[in-house]
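So the structure is just underneath, and the comments pick up after that.
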Amino acid sequence: MSVQASNKRQEEVGESQRGVLRPVEKRTITVAVAGNPNAGKSTLINAIAGTKLHVGNWPGVTVEKKEASFDYGGRRIKLVDLPGTYSLSPYTQEEIIARDYLVHERPDLIINVVDATNLERNLYLTVQLMELGIPVVMALNIYDEAEAKGYRIDVQGIEQMLGITVVPTSATRKSGLDELLQSVLATADDPAGHIPQQLNYGEDIEAAAQFMAESLHKSHPSLVDKYPKRWLLLKLMEGDGNLQKEVNIGQEALLDEALHHLKRAHGEDIEAVMADTRYSLASGLTREVLQKPELRKTELTEKIDRVVLNRFLGIPIFLAAMWITFKLTFDLSKPFSDWIGTMISGPFKRWAEALVGFIHAPDWTASLVTDGIISGVGNVLVFVPVIFAMMFFITFLEGSGYMARAAFVMDRAMHAIGLHGKSFIPMLLGFGCNVPAIYATRTLENQRDKTLTALLIPLMSCGARLPVYVVFIGAFFPSHAGTVLWSLYVMGIALAIMMGFIFKRTLFRGEAPMFIMELPPYRMPTFRSLMIHTWEKGKHFLIKAGTYILAFSVIAWFLLNLPWGVEHKKDSYLGQVGQVVAPALKPLGFGQWEAGSSLIAGLVAKEIVVGTMAEIYVKKDEDKKKEKPTFAEDLKEVGISFAKASKDSLANVVSTAGITSISADESAEKAAERNPLREELKKQYTPLGAYAFIVFVLLYIPCVVAIVAMVQELGSWKWFGVTFVYQMALAWGAAFIVYQGGRLLGLGG
Amino acid sequence: MNLAKLKPGEKGRITGIGAIGPLKRRLMDMGVLVGEEVKVIKVAPMGDPIEVFIKSYNLSLRKKEAEGIAVEVSE
């Protein structure tokens, strides 16, 4: 691989020195796919590469990178999907990634995906891509829609004026794809014959560029070989900060002299002059090649928006859409998650036990395998259905164009706490489960928005915290259950708003990112594209997060069970740690070591707090007495319960219109079985201490899976550090205020 | 007169862009250029942001950003 890569680089250096591109023969043809957001780039790539697509991240950043290698016409083609951008300016992360790739990796050619229904703005990027001196093949996408609108586009006209091959395509109908790939091969075979035309940027700019080229040749001869020449000249003239830093040419005499005349004629702002020039080229071309019908029909998008973004209906419709998304994401996936959970802790554990018993492994090994590793695998797998469901609906919202509307409707409210309109959906998903919610922050383009949103998500009370509340509320506040439960959710939201304000003024000080967003036309995403995306992103989670989660689960097992053979849980490492932290929790009203140990165990998953307490407080022995089912019975059980899960999932979709929350009901049922625990809790805690405890459970750091998700999405452990510190402080502070404040008010202690 | 002051349905021609740095560049990249015709389509239900029609596509931006875009009302 690396040998090949270095060969390729050498070849290219040689090529550029001689100024000729040699035809690509046996080696892989590397094709960068560039285009505006909403130009149907993803759908096109999915249609071409399908399941060969591989999703990863661009090095060092958390922007998604999609690649696919496949054979076509006896050749190997490697597609690299660049982030969707409107320009190649050096401001957004996406733009920097795209231009760095194009300039430094030098793909063999660029497929420029252009939205045929929005020619002018898309051509603005095309003009910039042509500056790079890399052969460009244009996929004139969404061509069917443009035709349906009555647009007449002179395809040959574009080809002649730009000197590039243009292929009309429709990714959704899969038309034009073969022609596109044929053109890719033809272009790759004769790159020198397919260098895009050098567009004329007007006398003044060209004269300045000419002058610059001559002086650069003298002063920095090596640069001219390292960068695409025309791109280098234009970007330097534009005052591109990133490039200036890279090549070390700033406000030098060289630039001043070259720009002197230009500035006198057009004013100081050369960047604006360049943007203007590129846009005039794009609009001039559009005028030449595009004929629109005289009468414009009211478009479907306009009609939908009239309702969906209506002053009065906009918010109710938005909330309804969000509610349906939420319900579908969690109700659809829950039966499968439950099924996986039951299967792992039931049949699979029994099989593993049998296997370990068969090889006469010592007791502790058996426990490590079943309670540590298999439970850990279970911990990962139960998230799979919900992650897949979330990815599916988020991809749908984005692909259909509604996500932009959601941001438009909610921005005012979210902006008030320093967030972006698009932050609303991840925050909302947080009430179901923080993990998919954190993954959903990838819909936010700006790193600051994304980080801040992810930091606040853990304050949304997730479904796993509910069982803890239910047990404590059932034991201490049965007559005010609703109010107490409600108070916790509201407290989470209120503290998120407060933390939003605090973060906005401390860690995230400075200009809030801009909100300049296209509202694309509504389009129906293809089912194939949805499935591919969902699958690839889900797989990414499984592999990346799975490894960490498994490791944490094994560590948790060690804590819970070692030293091996302790009679009392108090003597296990977990019990010992519980005793260590207990004094710190005393002012909060729950200074028992049991509370501390349960909270630590709850890091694996918050609902485990209840399980651990039950284990510590209530001796159970019923498990041992049960007769073990046979292998065949187990197998049958796996199948039957999967069928039931599928049925429940479907039923949940149908009943989404209903008000009842299935998850809450079920947890309540489970909790009712834990009556002995309730009795024990009543002896151990005061009502005030109990309330402080559940407040602490609401606010303290999220489970390890959420932590892994956060580290993975934000690309560094630093933000986990921030979360850890602020959430611990918040949890301790809030519980302290509740307990001590309550005592002062005479609510008993 | 600036873009934030136009009401839905009103059109204007851009006469100047007051923004600087990344914001200005982003606006330019999105086709918000001096001389361009722009029409306000909608105001979001909560009063901000706004939706405009420019270069034959729909763009949304916050009022704060629109305030920096000087326009002269046309028609």
Side-chain angles (χ1 to χ4, degrees), chain A residues 38 85-92 95 115 117-122 124-125 128 238 269 271-272 274-276 278-280 282-283 286 292 301-302 305-306 309-318 404-405 407-413 415 421 511-521, chain B residues 2-4 6-71 75:
Chain A
N38 311 310
T85 59
Y86 295 102
S87 165
L88 292 180
S89 59
Y91 290 119
T92 68
E95 286 166 350
D115 177 355
T117 65
N118 193 350
L119 212 47
E120 187 180 349
R121 207 204 53 225
N122 277 260
Y124 176 70
L125 179 68
Q128 295 182 60
E238 216 173 78
D269 194 353
E271 198 178 10
M274 300 292 282
D276 243 344
R278 293 194 181 105
Y279 252 118
S280 1
S283 44
T286 308
K292 282 188 191 181
T301 296
E302 262 174 77
D305 272 348
R306 246 178 239 163
L309 301 182
N310 180 280
R311 265 184 81 180
F312 306 104
L313 292 175
I315 293 173
I317 289 175
F318 166 75
R405 271 76 185 179
F408 183 71
V409 170
M410 280 315 287
D411 187 66
R412 177 75 186 267
H415 186 49
E511 199 67 8
M514 49 204 166
F515 183 90
I516 296 176
M517 183 186 66
E518 182 183 359
L519 290 172
Chain B
N2 66 54
L3 184 57
L6 290 188
K7 291 192 178 58
E10 288 184 338
K11 278 188 199 165
R13 188 169 291 279
I14 298 173
T15 55
I17 296 167
I20 48 157
L23 176 59
K24 175 164 193 180
R25 180 58 192 250
R26 174 76 170 189
L27 286 170
M28 292 190 307
D29 287 342
M30 299 300 281
V32 182
L33 300 161
V34 172
E36 208 61 46
E37 176 98 1
V38 60
K39 181 183 176 189
V40 175
I41 305 289
K42 262 191 193 67
V43 177
M46 286 189 242
D48 197 23
I50 61 169
E51 176 185 359
V52 301
F53 185 75
I54 189 164
K55 284 221 183 271
S56 60
Y57 80 99
N58 295 46
L59 179 72
S60 74
L61 67 173
R62 290 189 185 130
K63 280 191 168 164
K64 201 175 157 238
E65 290 144 359
E67 274 164 14
I69 301 167
V71 293
E75 279 168 46

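Lettering of chains follows the sequences in order, A, B, ..., and the numbering in each one begins at 1. Excluded from the calculations below are hydrogen atoms, water molecules and symmetry mates; all remaining heavy atoms, backbone and side chain alike, are included.
- Heavy atoms only, all atoms of each residue included: A:Y279 and B:M30 are closest at OH-C, 3.5 Å.
- Interface remark: B:K63 contributes no atoms to any contact with chain A (heavy atom separation under 4.5 Å).
- If you measure heavy-atom distances from A:P521 to chain B, you find no contacts under 4.5 Å at all.
- Of the atoms belonging to A:F515, heavy atoms from both backbone and side chain fall under 4.5 Å from chain B.
- In this structure, NZ in B:K55 is found 12.5 Å from CG in A:N122, a value given to the nearest 0.5 Å.
- Within the model, atoms CZ of A:R278 and CG of B:L33 stand 12.0 Å from one another, a figure rounded to the nearest 0.5 Å.
- Ranked by heavy-atom pairs under 4.5 Å with chain B, the list A:Q128, A:E95, A:M410, A:R121 is led by A:R121.
- Proximity to chain A among residues 42-49 of chain B is limited to B:K42, B:V43, B:A44, B:P45, B:M46, B:G47, B:D48, B:P49, judged by heavy-atom separations below 4.5 angstrom.
- Using a 4.5 Å cut-off between heavy atoms, A:A282 makes no contact with chain B at all.
- Contact annotation for A:A413: both backbone and side-chain heavy atoms come within less than 4.5 Å of a heavy atom of chain B.
- Distance check, rounded to the nearest 0.5 Å: CG of A:L519 to CD1 of B:I41 gives 10.0 Å.
- For B:A66, the side chain to side chain contact (heavy atoms under 4.5 Å, CB included) partners two or more places apart in sequence, or in a different chain, are B:L3, B:A4, B:I50, B:L61.
- Residues A:K292 and B:S56 come closest through the heavy atom pair NZ-CB, 3.6 Å.
- Heavy atoms closer than 4.5 Å to chain B are found nowhere in A:T286, neither backbone nor side chain.
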Side-chain donor/acceptor pairs under 3.5 Å, residues 310-317 of chain A, sequence neighbours excluded:
from, atom 1, to, atom 2, distance (Å)
A:N310, OD1, A:F312, N, 2.7
A:N310, OD1, A:L313, N, 3.0

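- To the nearest 0.5 Å, the span separating CE on B:M28 from OG on A:S87 amounts to 8.5 Å.
- Using a 4.5 Å cut-off between heavy atoms, B:E65 touches chain A through its side chain atoms alone.
- Residue pairs meeting the side chain to side chain donor-acceptor pair (under 3.5 Å) criterion with at least one partner in residues 12-26 of chain B, sequence neighbours excluded, are A:E238-B:R25, A:D269-B:K24, A:E271-B:R25, B:R13-B:E37, B:R25-B:D29.
- Heavy atoms closer than 4.5 Å to chain B are found nowhere in A:R405, neither backbone nor side chain.
- Looking at B:L59, both its backbone and its side chain come within 4.5 Å of chain A, counting heavy atoms on both sides.
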